[in-house]
Amino acid sequence: MIVLGVESTAHTASVGIVDDAATVLSLASDMYRPKAGGIHPREAANHHVEVLPGLVEAALAGAHLSSREIDAVAFAQGPGLGPCLRAGATVARVLSLAWQRPLVAVNHCVAHVEIARVLSGLDDPLLLYASGGNTQVIAHGRGRYRVLGETLDIGVGNFLDKLWIEVGGVFPGGPAIEAEAQLGRELLELPYSVHGMDVAFSGMLTAALALREKGASRADLAYSVEVTAYAMLTEITERALAHRRREGVVLGGGVACNERLRGMVRAMVEGRGGTMFAPSRQLCVDNGAMIAWTGLLARQRGASVSVEASAIEPRQRTDLVETPWRAG
Ligand code: ATP
Ligand code: FE2
C-alpha cells in the first residue's frame with residue numbers, strides 16, 4: 001500500500017509519500033516564516049494554498065510515482081490553526097475525488113508519535129512529544145494514546161519561540177536558541193515548574209524576560225532556558241517511565257530536534273537500562289510523511305472518511321482518537 005499525506009496544521013505545508021514498510025518514498029515541505037512576530041493563521045494558510053499543489057507534484061516526482069499508484073490520501077484533521085487545517089484538508093479532498101482514492105483523516109499528534117515509534121523499532125515505548133503547541137508524555141493503553149503528563153499552559157516550542165521573538169529574534173526560536181546556548185557560560189536561576197507529571201512554562205518566560213531587562217546576555221539566557229526546560233521534560237518523562245515500566249522512550253515533535261534534550265533524555269533512560277530513540281530532524285518537525293504513515297496504518301484497518309464527514313477538528317486531542325491498528 002502507498003499513501004500520500006498532507007500536513008498543514010500550523011507553519012509548515014508538507015506532502016509525504018510512504019509505503020507499508022514505513023519507507024519514506026518522498027517528502028516535500030515548505031515552511032511559512034513570518035518576517036516578524038509569531039504566526040498569523042490566515043497568512044500561513046495563504047502560504048499553504050499557494051505551495052501545496054507544487055508540493056504534491058514534487059512528492060510524486062520525488063517518489064517516481066504517478067497518481068494512479070497512490071492507494072489513499074491522508075490529511076491532518078487536527079489539532080491546529082483553523083485556516084491552515086482547512087487549506088490542507090481542501091487539497092486532500094480534491095486529490096481524493098480526482099484520483100478516486102479513499103480519504104483518511106489523521107490526528108497530527110498521533111502522527112508525530114507513530115512515525116517516531118515505527119522508526120524506533122520499539123513496539124510499545126513511552127513517548128515524549130515536544131513541539132510548538134504540544135508537550136505531552138504519552139503511553140498507549142486500552143485502544144488509545146493516553147496523556148500521562150503535559151504542559152499546563154503553553155507548549156515548550158511556543159515558549160522558546162515567544163522568548164526568542166521578545167529578545168529580538170525571528171520565528172522559529174527553538175533552533176536559534178539551541179545555537180545561541182552553545183555560547184552560554186552562566187546558569188541563571190529560572191522557575192522550575194514541575195507539578196507531578198505536568199509542567200508549565202509561562203512563569204519561566206516572564207522570569208527570563210525580566211533577567212534580560214536586567215542585562216543578562218542572550219547566550220546565558222538561551223543556555224539557562226534550555227537546561228531548565230529540558231530538565232523539567234526529562235523529570236516528567238522519568239516519573240512516567242517509573243510508573244509505566246516501558247522498554248524505552250521515543251521522542252517526537254519539533255523540539256525533539258534539540259541535541260541537549262536528546263542527550264538529557266538519553267542519559268536518563270539509559271541510566272534506567274532502557275533505550276532512547278529520536279527520528280531525524282525532518283521527521284521530528286511537522287511533515288507529510290508522518291501523516292501518510294499514520295493514514296496507512298488506519299487505512300490497513302479499513303478507515304476512510306467521506307468528503308462530507310471530513311470536517312477539520314482544530315482542538316482534536318491526542319487521547320480523543322481511537323488507534324485500531326494497535327493491540328491492547
Ligand atoms: P504541534 O501542532 O505538534 O504542536 P508544531 O506546529 O509546533 O506542531 P513542529 O514542527 O512539530 O510544529 O514543532 C515546531 C517547534 O519546534 C517550534 O516551536 C520550533 O521552535 C521547535 N524546534 C525546532 N527545532 C528545534 C530545536 N533544534 N531545538 C528546540 N526547538 C526546536
Ligand atoms: Fe507538530
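Being a predicted model, the structure only gives us computed values, none of them experimental. One is the number of the first residue; the rest follow in order along the sequence. We count ligands from 1, going down the list as the structure has it; atoms in each ligand are counted the same way.
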More than 12 heavy atoms of other residues, nucleotides or ligands under 6.0 Å from CZ of Arg244: is that the case? no
Can you confirm whether Arg272 is buried at CZ, in the sense that more than 12 heavy atoms of other residues, nucleotides or ligands lie under 6.0 Å from that atom? yes
Short list, please: which atoms of ligand 1 are under 4.0 Å from a heavy atom of [X]?
{"X": "Asn258", "result": "27 (N), 28 (N), 29 (C)"}
{"X": "Ala10", "result": "6 (O)"}
{"X": "Gly133", "result": "4 (O), 7 (O)"}
{"X": "Val285", "result": "10 (O)"}
{"X": "Tyr230", "result": "29 (C)"}

Salt bridge check, Arg317 against Glu150: does any charged N sit closer than 4.0 Å to a carboxylate O? yes
Asp30-His48 side chain donor-acceptor pair, cut-off 3.5 Å: no
Donor-acceptor side-chain pairing of Gln300 and Asp20 below 3.5 angstrom: no
Suppose we screen for ring pair (Phe, Tyr, Trp, His ring centres under 6.0 Å). Which residues come up paired with Phe277, at least two apart in sequence or across chains? none
Candidate list Arg144, His108, Gln136, test side-chain hydrogen bond (donor to acceptor under 3.5 Å, both in side chains), partner Thr318, passing option: Gln136
Rounded at 0.5 Å granularity, tell me how far [atom1] in [X] sits from [atom2] in [Y].
{"X": "Asp124", "Y": "Arg245", "atom1": "CG", "atom2": "CZ", "answer": "14.5 Å"}
{"X": "Asp220", "Y": "Arg212", "atom1": "CG", "atom2": "CZ", "answer": "10.5 Å"}
{"X": "Thr323", "Y": "Leu297", "atom1": "OG1", "atom2": "CG", "answer": "10.0 Å"}

Any atom of ligand 1 sitting under 4.0 Å from a heavy atom of Asp161? yes
Contact partition for [X] relative to ligand 1, non-hydrogen atoms under 4.0 Å:
{"X": "Tyr129", "result": "side chain"}
{"X": "Asp286", "result": "both"}
{"X": "Pro175", "result": "both"}
{"X": "His108", "result": "side chain"}

From His112, Glu178, Gln136, His11 - option closest to atom 27 (N) of ligand 1 by heavy atom: Glu178
Counting heavy atoms only, which of Pro79, Ser131, Gly252, Gly254 is nearest atom 1 (P) of ligand 1? Ser131
Sort and list the pairs that fulfil ring pair (Phe, Tyr, Trp, His ring centres under 6.0 Å) and have at least one residue in residues 145-179, not counting sequence neighbours. His11-Phe171, His140-Tyr145, Phe159-Phe201
Quick one: ring pair (Phe, Tyr, Trp, His ring centres under 6.0 Å) pairs with a partner in residues 217-259, sequence neighbours left out? none
Does ligand 1 come near enough to Gly157 that some N or O of the ligand is less than 3.5 Å from an N or O of the residue? yes
Evaluate Gly132 for polar contact with ligand 1, using N/O atom pairs at a separation under 3.5 Å. yes
Considering only protein heavy atoms, which is closest to atom 30 (N) of ligand 1, and at what distance to one decimal place? Gly174 CA, 3.3 Å
Where is the tightest heavy-atom contact between Gly82 and Pro314, given as atom of each residue plus distance? CA-CG, 4.3 Å
By residue and atom, what protein N/O/S atoms are less than 2.8 Å from the Fe ion (ligand 2)? His108 NE2, His112 NE2, Asp286 OD1
